[in-house]
2 protein chains.
Amino acid sequence: MAFARLAILPTYKVVSDTIEREILAGRLTAGDILPTETELADQFGVTRHTVREGIRILEQSGLVRREAGRRLYVAEPHYGDLAPRLSRAMVMQRVTFRELWEVSMDLEPSAAAHAAVRIDADRLAQLRANVMATEQALAAGASIIPLDVAFHILVAEAAGNRALLLAREPVTQLFYPALERLFTHPKTASVGPRRLIEAHRRIVDALADGDATLAREWMRKHMVDFRRGYDTAGLDLDDALEATAAPPAAPARR
Amino acid sequence: MAFARLAILPTYKVVSDTIEREILAGRLTAGDILPTETELADQFGVTRHTVREGIRILEQSGLVRREAGRRLYVAEPHYGDLAPRLSRAMVMQRVTFRELWEVSMDLEPSAAAHAAVRIDADRLAQLRANVMATEQALAAGASIIPLDVAFHILVAEAAGNRALLLAREPVTQLFYPALERLFTHPKTASVGPRRLIEAHRRIVDALADGDATLAREWMRKHMVDFRRGYDTAGLDLDDALEATAAPPAAPARR
DNA sequence: CATTGTTCGTTTGTTGGACAATTGAAATAT
DNA sequence: ATATTTCAATTGTCCAACAAACGAACAATG
């Protein structure tokens, strides 16, 4: 007979796995305060430093959080925590604009369609405010890109599907630099933003009417426009995306 | 006037950010061996412990890797590394079957359509082999679920879109337990697997013909079947998914 | 009375030094 | 040339300590 290879894990990994298991099993739930590092070290029978390495791992997956210098508590991982890492992975694999666009072509119209039947008054108001803010930003010569990104997030949130949110977030984060190039390019800077706002307005109207088909269709057109602008600007669909600093990464602690 | 909040980062975070920046800027590329922990500590002017905590963070994002006890090297993050964390996030947010299904309803048919125009002979052969293996597993009374999961991954890979792969992976990983319940349930166990294999076969045929429309349509039917089976089995679409151990997580070191 | 300064115990962040276990490669023996 | 033994390098873990920051309670200040 032959033995299988032993799975020997470093202690810090065992520490993080153990705490993770408690959280996933529901014995520790969001908001619970974890024991101090010293206590954990005593309980596990390891050094505090080993515990700390384990904690670093848990922090990365968003399962626990700590506000600078304070006690550790259990948290529900938010998609905003995980998306940046996925985005970076895509950048490193030199994902192209075409690939991103294809995925968005599936998810964004679908998000709009779902939103049409599930949206509530509150979020509808937020969307209207977003469209107005976009118009004002354009008139004032400010960048409309953050508002555009926010618009699509609002629609996705209105769709009431958290799996959809998680799937689309890393993709749309990467559109940021592409949009930047688009709206500063001489060939597309003049007409692009107007068509964008027009599309956004039509989508909001369709959502307000609860018209899923129309919402889907306008979102689809909006995405096609995006790609056409990319072509018009003479940019290559199959170029790899460039690395970019996380754009909406407002720390906003406290 | 008001001052913005100071961004004070702990040293270990500065360490990980610094190394990360080098990798993202391309000054360190996949395969490069990093300095030893002691050397890094000397260069940064910090303790080895601090460096180690920084390394733990980088390891989590898949930017660096180390196989047990050996030197650290730069790696390209693979979607397989990141997907489990996303899956866990979805479980913790008590994502429902309906949410997953809606996303898959967008991505899977689209993957099939793209695969139809991009698939190569090699992967087509793999798909045919997969369908045969599924038939044999069914005849032998073995579980066909891992083969089903593998089938969908093969199709997605054939679509030649890495953003799509990243977006769908965390979702489909969570289908595993749902499929499990479906194929062991008395009402669906008898006919379900046969319809599944039939659909898989039709999809492969459509891919072989390069017929994107047909491939999309059969994949769509396949997904609808999946949901119908869920209904037939009397399971609630809006129940939260249960936590489950990573199913295909074959460590396979060395 | 609200703001500011002081003190103190607690907890994290960081440092120093140490050592066992493992690895990779060089040196040696077969 | 191949196998074995040695050895230096490197990681994983431990122990001990202290500075820095925080929360709270309380005194001092205007």
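Throughout, a chain's letter reflects where its sequence line sits, starting with A, and its residues are numbered from 1.
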query: Is there a donor-acceptor pair under 3.5 Å between the side chain of B:T29 and the backbone N or O of B:G26?
result: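 Answer holds: no.
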
message: Between B:E99 and A:R162 (side chain of the first, backbone of the second, donor and acceptor by atom type, cut-off under 3.5 Å), is there such a pair?
response: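 Yes, the answer is positive, given that a donor and an acceptor are paired below the 3.5 Å cut-off.
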
What's the closest nucleotide to the [X] side chain, out of [options]?
{"X": "B:E37", "options": "C:dG13, D:dT11, D:dT13", "value": "D:dT11"}
{"X": "A:R71", "options": "D:dC14, C:dT12, C:dT14", "value": "C:dT12"}
{"X": "B:P10", "options": "C:dG13, C:dT12, D:dT13", "value": "C:dG13"}

Interatomic distance where [atom1] belongs to [X] and [atom2] belongs to [N] [whole Å]:
{"X": "A:L72", "N": "D:dC22", "atom1": "CG", "atom2": "P", "result": "16 Å"}
{"X": "B:L40", "N": "D:dT10", "atom1": "CG", "atom2": "C1'", "result": "12 Å"}
{"X": "B:D42", "N": "D:dT10", "atom1": "CG", "atom2": "P", "result": "12 Å"}
{"X": "B:E53", "N": "C:dT12", "atom1": "CD", "atom2": "C1'", "result": "10 Å"}
{"X": "B:I57", "N": "C:dG13", "atom1": "CD1", "atom2": "P", "result": "11 Å"}
{"X": "B:R65", "N": "D:dT11", "atom1": "CZ", "atom2": "P", "result": "17 Å"}
{"X": "B:I33", "N": "C:dA25", "atom1": "CD1", "atom2": "P", "result": "10 Å"}

Just the atom pairs and distances: protein N or O near nucleotides 16-21 of chain C's N or O, under 3.5 Å.
unit_1, atom_1, unit_2, atom_2, d
C:dG16, O6, B:H49, NE2, 2.7
C:dG17, O6, B:H49, NE2, 3.2
C:dA18, N6, B:R48, NH2, 3.4

Short side-chain N/O contact to [N] OP1/OP2 from [X], under 4.0 Å:
{"X": "B:T50", "N": "C:dT15", "result": "yes"}
{"X": "B:T11", "N": "C:dT14", "result": "yes"}
{"X": "B:R52", "N": "D:dG12", "result": "yes"}
{"X": "B:R66", "N": "D:dG12", "result": "yes"}
{"X": "A:R56", "N": "C:dG13", "result": "yes"}

query: Does any non-hydrogen side-chain atom of B:D17 lie less than 4.5 Å from one of B:I57?
result: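 No, side chains not in contact.
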
task: Measure the shortest side-chain to side-chain distance between A:P10 and A:K13 over non-hydrogen atoms and say whether it is less than 4.5 angstrom.
output: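 Contact flag for A:P10/A:K13 side chains = yes.
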
query: Can you find a side-chain donor-acceptor pair between B:H200 and B:D148 that sits under 3.5 Å?
result: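 Looking only at side-chain atoms, B:D148 and B:H200 do form a donor-acceptor pair, the distance falling under 3.5 Å.
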
query: Between A:T50 and A:E53, do the side chains contain an N or O donor and an N or O acceptor separated by less than 3.5 Å?
result: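 No pair is found: no donor N or O on one side chain lies under 3.5 Å from an acceptor on the other.
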
query: Got a salt bridge between A:E20 and B:R85, using NZ or NE/NH1/NH2 to carboxylate O under 4.0 Å?
result: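 Result for this pair is no, no salt bridge flagged.
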
query: Pick the nucleotide of DNA chain D nearest each of B:T36 and A:G45; which residue has the one closer to the 5' end?
result: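 The residue whose closest nucleotide sits nearer the 5' end is B:T36.
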
